[in-house]
Amino acid sequence: AYNATYLWQDNSIDSLFIVTQPGTYWVQITNSCGSINDSININYDTILSPLYLGNDTVLCQGDSLILNSNNSEAINIWQNNSNDSTFTATQQGVYWVIVSNSCESISDTINISYNPLPNVDFGNDTILCQGESLTLNITNLNASYLWQDNSIDSIFTVTQQGVYWSEVTVETCKKRDSIIVNYNQLPIAKLGNDTVLCEGDILILDVSSSGSVYLWQDNSIDSIFMVTQKGTYWAQITNNCGSISDTINVTQVDCSVKLTLPKVFTPNEDSYNSLFTPIELVGVKNVHTLIYNRWGQLVFQSYSLTIDWDGRTSTGAETPSGTYFWVINYLDFDKNKLTKKGFVTLLRD
C-alpha cells in the first residue's frame, strides 16, 4: 500500500512475511486514511511415507496377502475403489493403490499369482483284514514328500494298523493329509474236541469275537450256546473279513456221580431257597466252586461240599439280581477229577 506501515503478529514491519510453520498469522496495515487488518490460519500437511507394495509374488491356493500403503492419514484409492490403507489379496491379479494428500500423489502396483496346492487325499479312515495291505499314492509332478516315518517316496504301503500322514511340497506350496488304518482278523471258531456229557450237565460253547455275528445249528444267533443233550453242534462266525465254522459231537451218558444244582435261588432271608447249594450230591468227595458274573468277574468261591452261597461276594458285599455262571471242579471217591459248569439265576425282592 502507498505510504503505509505494516505490523505483523511477531511485531515485524516488512510488507512481506515468509511462513515456515503452522499457526495463525495476521497483519495490520496503516496509512493516512486509517488502519486495516486480516488474519489467516495455516496448517502443514505431512509428506507421504514411501509406498511399496512389494515385489510381484506367487502365493499358494488358500493363502492371502495383506497389502499396506503405510499412509493411513492420506487418501487411498485401490484398484476396486476401496479407501482403506490396507487391502487383502485372496486371488490372483494386478493390485494397485494411489495415495494422495495436499502435498503430493504417489502410486504402486503389484502382480500376484497363485499356484494350486498339491493333490493329497487319502480318503476316509478304513479297516482292513489281516494280511491285506493299502497303497497310498500321492504322486505329484515336481513334488517332494515326507511321511510319518521320515520316508520320502511318493508311494507308501500300509501293512499294519496305525495313523499315517504325508506332506507334499510343490515349489513353495505344501499340503498334508492323514488316515487311520485298523485291522480285523478272521474270527476264531474253536468248539473243542468231541466230548462226553453226563446227564444233567451243561456244556458251554462260547465263540465270542468282537465285531462278529453268529449262527448255530438251530439258527440261534447268540455268541454262547448251552449243550444239555447229545448231538452234533456247529457254529458259524462271520465278520467283515469272512466266515469260519467248527463242529463238535457230544455224547451223553448216565454218570454214577450225581451233582445237581438249582437254577434259581432267592437270598432274601426268608429261610426258603435262600442259598445256592446242591439239590443232589452223590459220590463226591470234595468240591471247589467258582461263581462269575455276566462280565466274567469272579464274585465267590468255596471249597465246601454244600457251597452255601448266600448271594454275597467273598468280601461280604451283596451281588445284584441276575444270572451267574458257575464252575465246579470236584473229585469223586475214585479220585477222578471232574468239572461241571452251569448258570444260576439270583432273585432278590
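Numbers here are sequence positions counted from 1.
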Fill in: Name of the residue among Phe225, Trp234, Tyr233 meeting ring-ring contact (aromatic ring centres under 6.0 Å, His included) with Trp216
Phe225
Discussion item. The test is side-chain hydrogen bond (donor to acceptor under 3.5 Å, both in side chains); show your working for Gln236 and Ser245 and say whether it passes.
Written reply: CA-CA 4 Å; Gln236 182 183 68; Ser245 60; 5.6 Å; no
Worksheet entry | Heavy-atom side-chain proximity of Thr172 to Val58 below 4.5 angstrom | no
Worksheet item: With side chains defined as the heavy atoms from C-beta onward, is the minimum distance between Ile328 and Leu261 less than 4.5 Å?
Response: yes
Item to complete: Check whether any side-chain heavy atom of Tyr52 lies under 4.5 Å from a side-chain heavy atom of Asn70, and answer yes or no.
Response: no
Worksheet entry | N-O pairing of Arg312 and Glu318 below 4.0 Å | yes
Item to complete: Would you check if Val327 and Thr339 make a side-chain contact, meaning some heavy-atom pair closer than 4.5 Å?
Response: yes
Discussion item. Aromatic contact between Trp309 and Tyr324, with the criterion being ring centroids under 6.0 Å apart: yes or no?
Written reply: yes
Practice prompt. First locate atom OG1 of Thr109, then atom CG of Leu53, and finally report the distance between them rounded to the nearest 0.5 Å.
Written response: 7.0 Å
Worksheet entry | Candidate pair Asn83 and Asn76, rule side-chain hydrogen bond (donor to acceptor under 3.5 Å, both in side chains), full reasoning | CA-CA 5 Å; Asn83 302 117; Asn76 291 264; over 6 Å; no
Worksheet entry | Within residues 58-85 or reaching into it, pairs that qualify as ring pair (Phe, Tyr, Trp, His ring centres under 6.0 Å) - sequence neighbours excluded | Trp78-Phe87
Worksheet entry | side-chain hydrogen bond (donor to acceptor under 3.5 Å, both in side chains) assessment of Thr86 paired with Asp84 | CA-CA 5 Å; Thr86 62; Asp84 293 333; 5.6 Å; no
Fill in: Minimum side-chain heavy-atom gap Leu205-Ile248 below 4.5 Å
yes
Worksheet item: Can you check side-chain hydrogen bond (donor to acceptor under 3.5 Å, both in side chains) on Ser12 and Asp14, steps first, answer last?
Response: CA-CA 6 Å; Ser12 62; Asp14 291 334; over 6 Å; no
Worksheet item: How about Ile13 and Trp8: do any of their side-chain heavy atoms sit closer than 4.5 Å?
Response: no
Worksheet item: Would a 4.5 Å heavy-atom cut-off, applied to side chains only, mark Leu191 and Val207 as touching?
Response: yes
Worksheet item: For the rings on Phe122 and Trp147, is their centre-to-centre separation under 6.0 Å?
Response: yes
